[in-house]
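For the single chain, residues carry numbers from 1 onward in sequence order.
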Amino acid sequence: MLDTAAPSPGPAERCLRALLSPWARLGLLVALLGGAVAAVVVCRPERLLAGGWPPQLSGGAAVVLFAVAYGLCTAAFVPRPVLNVAAGALFGAPLGTASAVAGTVLGAGMAFGLGRLLGQDALRPLLRGRWLQAADRQLSRHGFRSMLALRLFPAVPFAPANYCAAVSRMRWVPFLLATGLGSVPNTAAYVVAGSHAASPTSPVFLAATAFIALTGLAAVVVAWRRRSQLRRPGGRADS
């Protein structure tokens, strides 16, 4: 009989398989995020709050460029409140909110795509803990509802939530749609606060900060109740 065994892979093929393996891709993701964080530390985007936008950039081009920079910064773990306040201080409430929300969706999409492409295959087998499995079930089965709640109640940091969602089986459209809709209220509140930061005793500034405080308190209450449910015997997070 003829020997029909497949030929052993050559060095180039073995090297390619190693480079495309789940753990190699995860290592690339970690390296990319580390480089992005280092770039943020060096560039210090928070200086926009003090120095303002470059004078040669203005109008619609500045708003679009800020949205792109916003998205890149959030994917690199820059806190969104700082960027939202900067958007309000630079562009005012209407344009600042539009730019910040667009940047939020862009940054979430970049993080979700990177996590899905480079991290999902390596990390999904590690979802063995009770809380991790419960969170995975919730995001996979009720993606839009779960992500909308996370965006409305800002208890979970933005960038980690994006990368964790990428490990689940959540689909793209519910993720992006829930991010866009759910981020509007708090984003607008921070932008309005930033646009009126020069007059911190004004009714608009006080209303915006009160809204931020109330949503933060609501997030703590919801998280505490969810934790109590998970601690009960037979408690589930996907109900």
*Intermediate values then yes/no, side chain to side chain contact (heavy atoms under 4.5 Å, CB included), L83 and V78*: CA-CA 8 Å; L83 299 171; V78 175; 4.0 Å; yes
*Residues F144, L181; criterion side chain to side chain contact (heavy atoms under 4.5 Å, CB included); working and verdict*: CA-CA 10 Å; F144 178 82; L181 293 176; 4.2 Å; yes
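Atom CZ in F112 sits 8.0 Å away from atom CE in M147 (nearest 0.5 Å). Here the CZ atom belonging to F205 is positioned 5.5 Å from the OG1 atom belonging to T209, to the nearest 0.5 angstrom.
Contact annotation: the side chain of T104 never approaches that of T74 to less than 4.5 Å [non-hydrogen atoms, C-beta and beyond]. Residues V192 and V204 are in side-chain contact: their nearest non-hydrogen atoms beyond the backbone lie under 4.5 Å apart.
Considering every non-hydrogen atom in both S168 and A165, the closest pair reads OG-O, 2.6 Å. Considering all non-hydrogen atoms of both residues, L32 and L118 come closest at CD1-CD1, 4.0 Å. Between M170 and R116, the closest heavy-atom pair is O-NH2, 2.8 Å. Counting all heavy atoms, side chain and backbone alike, A161 lies closest to R151 at CB-NH1, 4.1 Å. A pairwise comparison of heavy atoms in P81 and Y190 identifies CB-CE2, 3.6 Å as the closest pair. Between N162 and A111, the shortest heavy-atom distance links the atoms CB-CB, 3.6 Å.
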Going by atom type alone, with no hydrogens or angles, which donor-acceptor pairs under 3.5 Å involve a side-chain atom of residues 89-102 and a protein atom two or more places apart or on another chain?
residue : atom : partner : partner atom : Å
T97     : OG1  : A93     : O            : 2.7
S99     : OG   : V63     : O            : 2.9
S99     : OG   : A67     : N            : 3.4

With a cut-off of 3.5 Å and sequence neighbours excluded, list every side-chain donor-acceptor pair involving residues 210-218.
residue : atom : partner : partner atom : Å
T215    : OG1  : N186    : OD1          : 3.0
T215    : OG1  : F211    : O            : 3.1
T215    : OG1  : I212    : O            : 2.9

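Ring geometry for Y163 against F77 counts as parallel: the plane angle stays under 30°, on a 0 to 90° scale with 60° as the upper cut.
In the model, Y70 has a side-chain atom that pairs as donor or acceptor with a side-chain atom of R80 under 3.5 Å.
Listed by chain and number, the hydrophobic cluster partners of M110 are V68, L72, L106, where partners are ILVMFWY side chains within reach of under 4.5 Å, directly or through others.
Panel note: side chain S183, backbone G180; no donor-acceptor pair is recorded below 3.5 Å.
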